[in-house]
Amino acid sequence: MQDLEGKVAFVTGGSGGLGTAIATALARQGAAVAVADLPSRTSQVAALVGQLQTSGQAEAAGVELDVRAPASIRAAVEDTVARLGGLDIGVCNAGLNVRKPSLEVTEEDWDTVLDVNLRGVFFSAQSVAAKLVEQGRGGKIVLIASIMGLVGSPFGHAAAYCASKAGVVNLARTLAVEWANYRINVNAVAPTYAPTPLTEGLFNDQSRLQAVLDRTPMASLASPESIADAVAFLASPRADMITGVTLPVDCGWTAW
Ligand SMILES: NC(=O)c1ccc[n+]([C@@H]2O[C@H](COP(=O)([O-])OP(=O)(O)OC[C@H]3O[C@@H](n4cnc5c(N)ncnc54)[C@H](O)[C@@H]3O)[C@@H](O)[C@H]2O)c1
């Protein structure tokens with residue numbers, strides 16, 4: 001069954017590890033997908049758009065933005081509508097981390113993380129919602145949080161990241177309440193560690209990987225596809241009655 005037939009989705013950080021899996025899952029469900037990413041990611045965006053188009057399931061387009069610059073997000077949303085004919089789903093996925101002991105974190109480190117992970121997510125959601133309100137037919141927004149927005153990191157070195165993701169979890173709640181009248185559902189997905197470029201450096205360290213597996217009830221990382229499936233569910237009509245929640249895809253990490 002193709003739940004998202006006729007829908008248009010906009011995915012920030014769309015050419016990254018999880019973004020690629022999310023764009024692919026949405027396209028597989030029939031959505032046309034705008035892969036939104038930094039200008040420096042043009043070749044990765046073009047490759048993914050080509051892949052989505054040749055798989056023949058739906059239309060796709062690459063759009064440029066920097067989530068640190070709200071005007072560029074608004075322009076990317078307009079570009080999406082012009083090229084794909086509307087907007088129904090926004091996935092606010094772009095994110096990064098600066099790993100450092102908290103005693104060494106500089107103002108610049110803090111701002112780097114918060115600017116993309118929290119400010120960028122808010123203005124991405126705002127830009128999508130403004131278009132959904134203008135169209136008057138509701139829609140779905142999915143924010144990518146993290147287990148680190150629900151519990152602290154046992155390994156430290158992630159204060160700004162944890163704070164930003166906790167902010168995303170509460171943004172999902174408060175935006176869900178504020179935009180319910182417009183029939184806009186706002187939810188979040190909180191993944192555990194997944195193998196992507198973001199975690200590559202971390203898992204070059206075999207003992208760190210083992211520590212993550214030992215801390216996880218299912219002794220597993222999450223696959224990007226399993227995270228993408230949760231996003232596709234929350235973006236679908238099957239989730240019409242769900243808003244303001246954060247769905248962990250965490251192999252049991254937050255269960256204890
Ligand atoms: N991989 C994991 O283990 C994991 C776990 C929990 C949450 N997450 C979250 O999932 C999201 C995606 O992470 P990922 O693992 O795919 O990382 P990634 O590094 O593979 O991809 C991140 C993407 O975001 C884009 N991006 C970064 N800054 C941007 C900006 N200013 N404007 C626009 N795009 C920007 C990058 O170009 C890239 O395409 C992030 O929010 C991350 O915090 C990841």
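Both counts, for ligands and for their atoms, begin at 1 and track the order of listing. The analysis underlying the following values was restricted to heavy atoms, covering all of them including side chains, and did not include hydrogens, waters or symmetry mates.
Residue-environment remark: CZ (R83) exceeds the threshold of 12 foreign heavy atoms within 6.0 Å.
For the atom pair N93 CG and L143 CG, the distance stands at 10.5 Å (nearest 0.5 Å). From K7, atom NZ reaches atom CD of Q29 across 13.0 Å, with rounding to the nearest 0.5 Å.
Shown here are the side-chain contact (heavy atoms from CB on, under 4.5 Å) partners of N185, two or more places apart in sequence or in another chain: K140, N187, T243. Evaluation of the side-chain contact (heavy atoms from CB on, under 4.5 Å) rule for E200 yields no partner, not counting sequence neighbours.
Within 4.0 Å of ligand 1, the residues that place a heavy atom are G13, S15, G16, G17, L18, D37, L38, R41, L65, D66, V67, R68, N93, A94, G95, V116, I144, A145, S146, Y161, K165, P191, T192, Y193, A194, T196, P197, L198, T199, listed by chain and number.
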Please tabulate, for the side chains in residues 224-232, all donor-acceptor contacts under 3.5 angstrom to protein atoms that are two or more places apart in sequence or on a different chain.
residue	atom	partner	partner atom	Å
S226	OG	S223	N	3.3
S226	OG	S223	O	2.7
S226	OG	S223	OG	3.2

